[in-house]
Structures are given as C-alpha cells and as structure tokens.
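Reviewing the structure listed below.
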Amino acid sequence: MIDHPLVAHKLTRLRREETSSATFRLLAEELVTLLAYEATDGLRVQPVTIQTPVSEAQGVEMADPRPIVVPILRAGLGMLNGMMKLMPTAEVGFLGMVRDETSLLATTYADRLPHDLHDRQVFVLDPMLATGGTLVAAIDLLLSRGAREVTAICLLAAPEGIAHMEEAFAGRDAVVTVVTAALDERLNEKGYIVPGLGDAGDRLYGVV
Ligand code: URA
C-alpha cells in the first residue's frame, strides 16, 4: 500500500461522487503514475556504458526482454496512459474480462497477449481489487504462459480481494505483488468496495 500524501489527496478526489468523468480520468492517470513508480522498483535493468558530453559513464537501461503492461479492459484502460508515461518503451498486451454481476465470476472476451511470457516482467492494470475474481483469472492466464513476476497495480483493494489473491498464489512458483493506493473496509452485497468509488468503468467512461 502506498502511503503518500499526494496519493491520498488524489484518491480522495477520485472517490468523491461529484467528481466528473473528465476529472476522474485525469486523477486516475496521475495516481497510476505515482503507483507505478513504486510498482517498478524491481524493474530489471542492465549495465550500459554511455558517453556524456564530458566523459564516458556507466549507467543502466531497461533489460531485454522488455516488460509488458496489461490493462484489463474496460476499466484498466483508464490506467494505461499513466503507466506508459513512466515506461514508454514497455510493450502493451490487452486482456478483456467481464464480471457477471450476479455470479461475480470473470470470463475472458479478448486476449491480445503474447503466447510466451517466460522472462517477462508483467504489470497488470486493474483499478478495483474487489472479490479478486477478475485479477486471479487474469494472473492465472499470465502464469500459464510462463510469466513468473507479476505486479498488479490497483487503485483500491478490498480485504476479500487480497485474501483471494493470497489463497490463489501462495506457494505457487511465481512472485505476485499487488500495489494499491488504499485498502478499504469491505465489499457490499453487490460486490462493490466500501467506501470505494463506485463502478470504475462507469466513472471513467460514463454508464453503458
Ligand atoms: N468494480 C468496480 O468498478 N467497483 C467496485 O467497487 C468493485 C468492482
């Protein structure tokens, strides 16, 4: 959990019901950039020798293969720009998942990901870690393609979602990390995070 006054300030504005979609999109983007800074602290780099205008210097650059960023459609799309600002050379894959509002089960409707994710550091973007059903299904798919380092960036998380993630990935041959701006109280009977911010997709894009 990122404990930072700017993150807390932006998250509070994001939560307000009177915040417009336009402002919500902007705040979500800014928040993701702040979260991404923390989420990428284990990013793999390789040494490189460069020439400055003054002398030769040793530095680092992002290692190959490049990391891959995976926004989960639809709401994860609202986090993509904020992430790519920090890692413009990362590759982007898309995963479309929809949650049945009655069963709360996630199904995949779009898969635009590489088939081989061995050695790739993967950053999954999903704003709301609620029951965890969507994120667990998404990360299971990534692990089945060989990913072993997966970091999920979520604006908000519920204890139920964190518990589901721990249960699903504890003891697995992979490092799965969740980075979030806040851990809220609970889920309500409709599976919404309380106090939360409502339906992230609707707030980003308007109700469809
Ligand atoms: N998805 C959302 O968009 N909001 C919630 O509170 C829970 C799941």
Side-chain angles (χ1 to χ4, degrees), residues 1-2 7-36 39 69-83 94-111 122-142 150-169 176-208:
M1 210 178 95
I2 308 301
V7 169
H9 166 81
K10 288 179 192 296
L11 180 61
T12 305
R13 290 195 59 200
L14 199 73
R15 289 182 191 274
R16 282 180 182 268
E17 69 177 342
E18 65 269 30
T19 298
S20 67
S21 276
T23 306
F24 192 97
R25 282 196 295 273
L26 200 67
L27 286 166
E29 192 174 317
E30 291 172 350
L31 253 179
V32 173
T33 306
L34 294 171
L35 297 183
V69 177
V70 181
I72 300 184
L73 307 179
R74 125 186 106 126
L77 262 193
M79 301 171 74
L80 184 58
N81 279 350
M83 186 74 193
F94 294 91
L95 199 51
M97 305 204 83
V98 67
R99 179 174 85 145
D100 183 285
E101 292 302 329
T102 315
S103 69
L104 302 183
L105 292 177
T107 48
T108 305
Y109 66 86
D111 170 0
V122 186
F123 296 89
V124 182
L125 308 179
D126 190 14
M128 308 297 275
L129 175 50
T131 62
T134 303
L135 201 51
V136 166
I139 295 175
D140 259 329
L141 179 71
L142 299 169
V150 179
T151 303
I153 303 180
C154 304
L155 299 179
L156 278 184
E160 293 88 336
I162 298 286
H164 190 174
M165 291 281 289
E166 279 172 350
E167 191 191 338
F169 300 116
V176 177
T177 309
V178 176
V179 173
T180 184
L183 181 60
D184 273 10
E185 282 166 30
R186 62 184 169 88
L187 295 181
N188 69 13
E189 63 291 345
K190 290 186 174 155
Y192 279 88
I193 297 179
V194 181
L197 49 76
D199 186 297
D202 289 353
R203 296 211 54 192
L204 280 163
Y205 303 119
V207 183
V208 176

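Computed from a predicted structure; not experimentally measured. Numbering of ligands and ligand atoms starts at 1, following listing order. When reading the values below, keep in mind they use all heavy atoms of this one structure, side chains included, and skip hydrogens, waters and symmetry mates.
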Ligand-side contact atoms (ligand 1) for residue partner [X], heavy atom cut-off under 4.0 Å:
X: A200; value: 2 (C), 3 (O)
X: A130; value: 7 (C), 8 (C)
X: G191; value: 7 (C)
X: I193; value: 5 (C), 6 (O), 7 (C)

Say whether, by atom type as modelled, one donor and one acceptor occur between the side chain of [X] and the main chain of [Y] under 3.5 angstrom.
X: R186; Y: I193; answer: no
X: E30; Y: K10; answer: no
X: T19; Y: R13; answer: yes
X: R203; Y: L197; answer: yes
X: T33; Y: G82; answer: yes

Where is the nearest protein heavy atom to atom 4 (N) of ligand 1: which residue, which atom, and how far?
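Result for atom 4 (N) of ligand 1: G198 O, 2.8 Å.
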I want to confirm something. Looking only at heavy atoms, which of R74, K190, M128 is nearest to atom 2 (C) of ligand 1?
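Among R74, K190, M128, the closest heavy atom to atom 2 (C) of ligand 1 comes from M128.
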